[in-house]
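Predicted model only: the values in this text are computed from it and were never measured. Throughout, residue positions are numbered sequentially from 1 according to the sequence presented. Only heavy atoms go into these numbers, but all of them, side chains included; no hydrogens, no water, no symmetry mates. Whatever order the structure lists ligands and atoms in, that order sets their numbers, starting from 1.
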Amino acid sequence: MKKKGKRVTIAMDGPAGSGKSTVARYVAEKLGLLYLDSGAMYRAVTVLAIDNNVEKHTSKLIELVKKCNIEFKNNGKTIYLNNEDVSERIRSQEVNLLVADIAKVPEIRKEIVAHQVRIGEKGNIIAEGRDLTTIVFPQADFKFYLDATVQERAKRRFADLQAQHVNTTLKAVELEISERDKKDISREHSPLKAAADAIVVDTTGKTIEEVVDIIVSKVKT
Ligand code: DC
């Protein structure tokens with residue numbers, strides 16, 4: 001239960017396409033919390049790698065990550081990399097295909113996690129990603145793990161890509177999501193998994209509003 005006036009930290013994990021970003025954004029609005037999209041930070045690092053041609057040069061990329069500046073504005077809706085708005089570029093197909101390989105590098109994770117912990121220090125935050133309930137905010141007041149079948153998650157991602165006029169097929173997106181799941185689940189550092197004390201919410205067949213209501217009611221009651 002959220003006590004009146006108490007600063008609350010909500011951490012939420014789940015696989016690609018589980019709806020975490022959209023759900024977290026709505027919950028943030030409803031409860032007046034800061035929204036932290038941790039995946040966007042790994043995506044921004046991927047843009048950094050592409051722009052500097054160091055996708056395959058991990059040690060050079062790590063040096064760039066240590067010096068770079070990643071900032072959220074507009075309550076987490078806009079992300080800046082070295083003062084450039086990269087909010088659209090981080091959602092490109094080029095980044096989708098590269099990000100899991102970049103996000104598995106432990107030195108990169110260490111820098112990004114430290115940054116996330118700093119952002120969360122003031123509390124009143126909802127943070128979502130792959131290791132928020134296990135590594136970044138293990139002491140969060142509320143932990144949720146959002147899940148859905150691969151087919152449902154692929155359908156959602158396919159609809160997003162179609163809206164962006166990306167030429168692909170549902171089958172290709174399903175394959176891409178399965179590959180990303182495998183990488184996220186089996187990686188050595190911070191693999192995707194539900195924290196033992198996380199509340200698991202299966203979002204298959206549920207609307208965003210239904211999932212938001214489940215979460216808000218758990219936090220309020
Ligand atoms: O949630 P997303 O699709 O924006 O995440 C992009 C990638 O970053 C995905 O491959 C998993 C990775 N990621 C991570 O390793 N740790 C996080 N806390 C968030 C995302």
Side-chain angles (χ1 to χ4, degrees), residues 9-25 35-50 55 58 61-62 65 70 72 76-79 81 86-120 125-138 140 143-148 150 152-154 156-161 164 166 173-195 198 203 208 211:
T9 299
I10 304 174
M12 197 154 80
D13 284 329
S18 58
K20 335 176 268 312
S21 309
T22 316
V23 167
R25 201 162 275 168
Y35 165 56
L36 172 63
D37 173 356
S38 70
M41 298 177 83
Y42 292 99
R43 287 172 177 272
V45 170
T46 308
V47 170
L48 184 71
I50 294 167
E55 301 97 313
T58 309
L61 177 58
I62 293 165
V65 172
I70 298 176
F72 286 101
K77 292 189 189 83
T78 323
I79 182 163
L81 169 66
V86 290
S87 315
E88 274 187 29
R89 290 188 62 204
I90 61 165
R91 305 290 162 199
S92 68
Q93 196 57 350
E94 191 184 16
V95 170
N96 285 346
L97 297 175
L98 254 179
V99 63
D101 286 323
I102 300 233
K104 72 180 183 202
V105 179
E107 293 89 341
I108 291 177
R109 301 200 68 80
K110 190 172 156 235
E111 294 297 321
I112 298 299
V113 167
H115 197 35
Q116 289 160 355
V117 169
R118 276 197 300 276
I119 295 175
I125 187 171
I126 176 160
E128 55 90 0
R130 301 293 195 289
D131 58 349
L132 276 292
T133 60
T134 52
I135 306 279
V136 186
F137 299 120
K143 300 183 196 179
F144 295 96
Y145 186 90
L146 262 53
D147 211 349
V150 172
E152 169 108 3
R153 292 186 285 126
R156 293 173 186 167
R157 191 69 94 187
F158 182 60
D160 285 349
L161 290 170
Q164 293 172 36
V166 174
V173 176
E174 201 175 307
L175 201 68
E176 190 196 308
I177 289 205
S178 305
E179 286 303 313
R180 197 120 64 90
D181 279 357
K182 265 188 229 151
K183 284 184 185 170
D184 288 346
I185 290 165
S186 63
R187 71 182 178 202
E188 192 184 344
H189 300 278
S190 308
L192 168 68
K193 64 168 186 229
T203 71
I208 296 288
V211 180

Could you tell me the residue and atom name of the protein heavy atom closest to [atom], and the distance to it rounded to 0.1 Å?
{"atom": "atom 16 (N) of ligand 1", "result": "R109 NH2, 3.0 Å"}
{"atom": "atom 12 (C) of ligand 1", "result": "A103 CB, 3.7 Å"}
{"atom": "atom 1 (O) of ligand 1", "result": "R130 NH1, 2.8 Å"}
{"atom": "atom 19 (C) of ligand 1", "result": "S38 OG, 3.3 Å"}

Subset of ligand 1 atoms that lie under 4.0 Å from at least one heavy atom of [X]:
{"X": "L132", "value": "18 (N)"}
{"X": "K20", "value": "1 (O)"}
{"X": "R43", "value": "2 (P), 3 (O), 4 (O), 6 (C)"}
{"X": "G39", "value": "4 (O), 5 (O), 19 (C), 20 (C)"}
{"X": "R157", "value": "3 (O)"}

So is R187 close enough to ligand 1, meaning a heavy atom under 4.0 angstrom away?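 True for this residue.
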
Find the distance between [atom1] ([X]) and [atom2] ([Y]) and round it off to the nearest 0.5 Å.
{"X": "S87", "Y": "R43", "atom1": "OG", "atom2": "CZ", "value": "12.5 Å"}
{"X": "I90", "Y": "L48", "atom1": "CD1", "atom2": "CG", "value": "13.0 Å"}
{"X": "R89", "Y": "I79", "atom1": "CZ", "atom2": "CD1", "value": "12.5 Å"}

Does the T46 side chain pair with the main chain of Y42, one donor and one acceptor, at a distance under 3.5 Å?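 Yes.
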
Can you check whether G14's main-chain N or O pairs, donor with acceptor, with K20's side chain at less than 3.5 Å?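 It does hold such a pair.
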
If you measure from the Lys or Arg side-chain nitrogens to the Asp or Glu carboxylate oxygens, is any gap between D160 and R91 under 4.0 Å?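 Judged by the 4.0 Å cut-off on N to carboxylate O distance, D160 and R91 do not form a salt bridge.
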
Between K182 and E179 (salt bridge meaning N to carboxylate O under 4.0 Å), is one present in this structure?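 The answer is yes: the pair qualifies as a salt bridge.
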
Check whether any N or O atom of [X], backbone or side chain, sits under 3.5 Å from an N or O atom of ligand 1, and answer yes or no.
{"X": "D131", "value": "yes"}
{"X": "R180", "value": "yes"}
{"X": "E128", "value": "no"}

Is a side-chain donor-acceptor pair under 3.5 Å present for R156 with T22?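 Short answer, no.
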
Determine whether the side chains of T133 and D13 contain a donor N or O and an acceptor N or O closer than 3.5 Å.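 Yes, side-chain donor-acceptor contact under 3.5 Å.
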
Taking heavy atoms and a distance under 4.0 Å, where does A100 meet ligand 1: side chain, backbone, both or neither?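 Answer for A100: both.
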
Any idea which part of D37 is under 4.0 Å from ligand 1, heavy-atom wise: side chain, backbone, both or neither?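 It is neither part, as no heavy atom is under 4.0 Å.
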
With the side chain counted from C-beta on, respond yes when K183 and D101 share a heavy-atom pair under 4.5 Å apart, and no when they do not.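 Of all side-chain heavy-atom pairs linking D101 with K183, at least one is under 4.5 Å.
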
